[in-house]
2 protein chains.
Amino acid sequence: MTSATPLFGRVCLLGVGLIGGSLAINLREKSLAREIVGVARRQETREQIKKLGLADTVTGDAAEAVRGSDLIIFSTPVGSYAALGEAISGAFKKGAIVTDVGSVKNAVIRDLGPFVPEGVHFVPGHPIAGTEHSGPAAAFGELFEDRYCILTPPPGTDDAAVKKVQALWEACGSTVQIMDAAHHDKVLGITSHLPHLIAYTIVATAQDLEEATRQEVIRYSASGFRDFTRIAASDPIMWRDIFLNNREAVLEILQRFTEDLTALQRAIRWGEGDVLETLFTRTREIRRGVVELGQAGTFDTRERKTPEESED
Amino acid sequence: MTSATPLFGRVCLLGVGLIGGSLAINLREKSLAREIVGVARRQETREQIKKLGLADTVTGDAAEAVRGSDLIIFSTPVGSYAALGEAISGAFKKGAIVTDVGSVKNAVIRDLGPFVPEGVHFVPGHPIAGTEHSGPAAAFGELFEDRYCILTPPPGTDDAAVKKVQALWEACGSTVQIMDAAHHDKVLGITSHLPHLIAYTIVATAQDLEEATRQEVIRYSASGFRDFTRIAASDPIMWRDIFLNNREAVLEILQRFTEDLTALQRAIRWGEGDVLETLFTRTREIRRGVVELGQAGTFDTRERKTPEESED
């Protein structure tokens with residue numbers, strides 16, 4: 001605890017789960033807020049937030065919580081923003097800053113922007129961090145360390161407000177990048193939305209197999225399938241909303257992916273070994289880039305692939 | 001080191017990379033072999049094997065190495081089996097056991113079977129273990145601990161020979177499962193071959209983007225894409241051979257996958273949120289199965305998904 005004036009006075013967390021809760025821990029431990037108000041729709045969740053001590057006060061009344069808050073952070077599924085924004089539009093304090101942690105940004109500006117009144121600052125954000133777990137109990141303070149956080153302030157957004165939101169994420173240990181919302185949605189459509197769509201699909205395909213085979217698929221999942229099951233265990237509501245709200249970008253990249261998959265399918269059908277080898281060789285480059293950038297994470301590197309190795 | 005009689009006398013490793021080398025370490029540390037002969041095609045690799053002390057003798061002459069060996073282990077890419085089998089077919093010692101670690105089993109029996117003479121026992125195998133790294137330097141003794149190893153002995157295979165190969169893998173810490181080769185190829189086509197095919201494709205799709213976007217894809221890979229890059233960094237030759245040698249099973253499951261992906265694509269296009277939510281919810285079951293079976297591995301569970309969580 002430092003005695004310096006905190007970055008924010010009253011901070012309102014709309015949604016206190018993995019991300020909202022982890023932000024709360026940072027706000028407290030780093031003395032970034034004078035007061036934290038948590039909002040959760042369900043009584044059960046509110047009890048949990050209290051028990052975990054993630055907020056000074058917890059309520060189900062979003063407007064009440066927003067009233068008098070200097071920073072309002074949306075961390076609920078993006079599909080809920082419009083209704084939530086409408087419910088609190090009259091409660092904003094003049095000069096307050098509204099931000100969010102949603103995985104899509106164009107739709108967030110479209111849905112929330114109209115409810116942010118003149119004199120209130122809107123700085124949409126997206127921390128590239130998370131785990132396959134969700135809910136308040138999954139929150140932890142180090143979640144944002146050494147991660148990127150993308151901010152997509154609409155043109156004309158007050159620069160001081162952007163700087164304050166940036167300072168919040170930097171205090172959490174993240175590197176902040178500012179970009180256009182449409183560009184964010186395109187890039188994340190590739191790095192996050194398409195991979196999740198593919199993972200959900202392949203796990204669903206396996207699930208439709210007869211019971212006996214399905215059990216074996218689970219038993220031998222270490223041979224590659226396992227990573228997909230982890231991604232496909234992500235929050236269903238959150239992901240439903242992401243795909244519904246980044247439709248164009250996802251469908252466009254999915255089209256490219258399907259074309260590439262069809263070409264590979266053809267190469268296998270026709271036994272074109274050279275085509276396969278060439279493609280499998282060049283895909284190693286991107287992995288090198290990921291590792292060099294220090295974004296490879298730390299893993300149990302065992303059983304990452306099936307066993308033989310080339311006698312090179 | 002125990003003074004008991006080793007399980008095998010002279011063991012010939014055809015290919016001493018990640019798997020062959022890790023087997024060598026186990027053969028030595030657990031005194032499972034009296035003598036280990038390593039075979040590598042390239043001089044550079046042979047020097048490396050000697051330097052790492054993975055074999056008592058190292059040679060480029062496969063037939064020479066097989067002569068007098070009690071156990072011969074193929075751990076080269078499956079595409080090399082036929083030529084290698086033909087080269088050594090005259091060198092087998094009577095009563096010797098031939099096994100392998102290949103990711104496909106029907107093709108291995110098809111290619112290698114004809115070169116295994118009467119009186120020599122053929123026990124095809126596949127340890128479900130590996131990492132994204134390859135080569136002798138990547139070998140380590142614990143690779144097979146708590147992993148599954150599948151054996152697919154053709155009908156009529158000598159039971160004592162199967163038991164000895166099983167004992168080898170159990171000594172390495174693996175659980176052995178016996179199944180039909182065609183069934184193995186179907187199950188692994190789903191758990192391993194399709195996931196790798198998908199991962200290679202999605203990484204290739206990202207790679208074809210303009211340079212600027214590609215750099216951002218790498219930067220923000222932690223949001224899901226990263227796991228695919230690791231899988232897509234697997235050995236190109238090995239994987240070329242797998243797809244060429246498990247064509248039917250891979251194309252069949254790929255067809256199912258494509259149908260499911262098309263249905264999901266349509267649901268996104270038409271904004272069918274309920275369809276998405278239902279599918280994303282049921283895919284969680286398989287993950288639970290993987291975790292319960294203790295095959296989930298140990299990970300840095302951070303940034304496993306993009307951030308918001310449902311306000312449940």
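What you see below is based on every heavy atom in this structure, not just the backbone, and it leaves out hydrogens, waters and symmetry mates. Protein chains get the first letters and strands the later ones, always in sequence-line order, with residue 1 at the start of each.
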**OP:** Would you kindly say whether B:D260 and A:T201 are connected by a side-chain donor-acceptor distance under 3.5 Å?
**Re:** no
Subject >> Segment of B:L197 engaging chain A (4.5 angstrom heavy-atom cut-off) >> reply: both
**OP:** Compute whether any side-chain donor of one residue and acceptor of the other, for A:T229 and B:R287, lie under 3.5 angstrom apart.
**Re:** yes
**OP:** State whether the side chain of A:R46 and the backbone N or O of A:R41 hold a donor-acceptor pair below 3.5 Å, judged by distance alone.
**Re:** yes
Original post:
Does the pair B:E211 and B:R214 meet the rule for a salt bridge (charged side-chain N to carboxylate O under 4.0 Å, His left out), with working shown?
Top reply: CA-CA 5 Å; B:E211 174 64 21; B:R214 190 157 69 242; 2.4 Å; yes
Original post:
By a 4.5 Å heavy-atom criterion (distance strictly below it), what part of A:D100 contacts chain B: side chain, backbone, both, or neither?
Top reply: neither
**OP:** Indicate yes or no: does A:R240 engage B:D274 in a salt bridge with an N to O separation below 4.0 Å.
**Re:** no
Subject >> Side chain / backbone / both / neither for B:V250 at chain A, heavy atoms under 4.5 Å >> reply: side chain
**OP:** Identify which of B:E277, B:R269, B:R282 forms the greatest number of heavy-atom pairs closer than 4.5 Å to chain A.
**Re:** B:R282
Original post:
Do you know which of B:L251, B:L276, B:T175 has the most heavy-atom pairs with chain A at a distance under 4.5 angstrom?
Top reply: B:L251
**OP:** Against chain B, work out which of A:R256, A:E259, A:Q215 has the most heavy-atom pairs shorter than 4.5 Å and name it.
**Re:** A:R256
Subject >> Residue pair A:G125 / A:K105: nearest heavy atoms and the distance that separates them >> reply: O-NZ, 2.9 Å
Original post:
Got a sec: does the CD of B:Q255 have more than 12 other heavy atoms crowding it under 6.0 Å?
Top reply: yes
Original post:
Considering only heavy atoms, which portion of B:T213 lies under 4.5 Å from any heavy atom of chain A: side chain, backbone, both, or neither?
Top reply: side chain
Original post:
Would A:E272 and A:R266 pass as an ion pair if we require N to O under 4.0 Å?
Top reply: yes
Original post:
Under a 4.5 Å heavy-atom cut-off, does chain A meet the side chain of B:L194, its backbone, both or neither?
Top reply: both
Subject >> Side chain to side chain, A:H126 and A:S103, heavy atoms closer than 4.5 Å >> reply: yes
Original post:
chain A heavy atoms under 4.5 Å from B:D208: which part of the residue, side chain, backbone, both or neither?
Top reply: both
Subject >> A:Y148 versus A:Q177, closest heavy-atom pair with distance >> reply: CE2-NE2, 3.5 Å
Subject >> Region of A:F228 that comes under 4.5 Å of a non-hydrogen atom in chain B >> reply: side chain
Original post:
Looking at B:I202, B:L264, B:T281, B:L244, which makes the most heavy-atom pairs under 4.5 Å with chain A?
Top reply: B:I202
Original post:
If you count heavy-atom pairs under 4.5 Å with chain B, which of A:F243, A:F225, A:Y200 comes out on top?
Top reply: A:Y200
Original post:
Given that the side chain runs from C-beta out, which part of A:R288 has a heavy atom under 4.5 Å from chain B: side chain, backbone, both or neither?
Top reply: neither
**OP:** Check whether A:L254 gets within reach of chain B through its side chain, its backbone, both or neither, counting any heavy atom under 4.5 Å.
**Re:** side chain
**OP:** Report the option among B:T262, B:L209, B:T278 that has the most heavy-atom pairs separated by less than 4.5 Å from atoms of chain A.
**Re:** B:L209
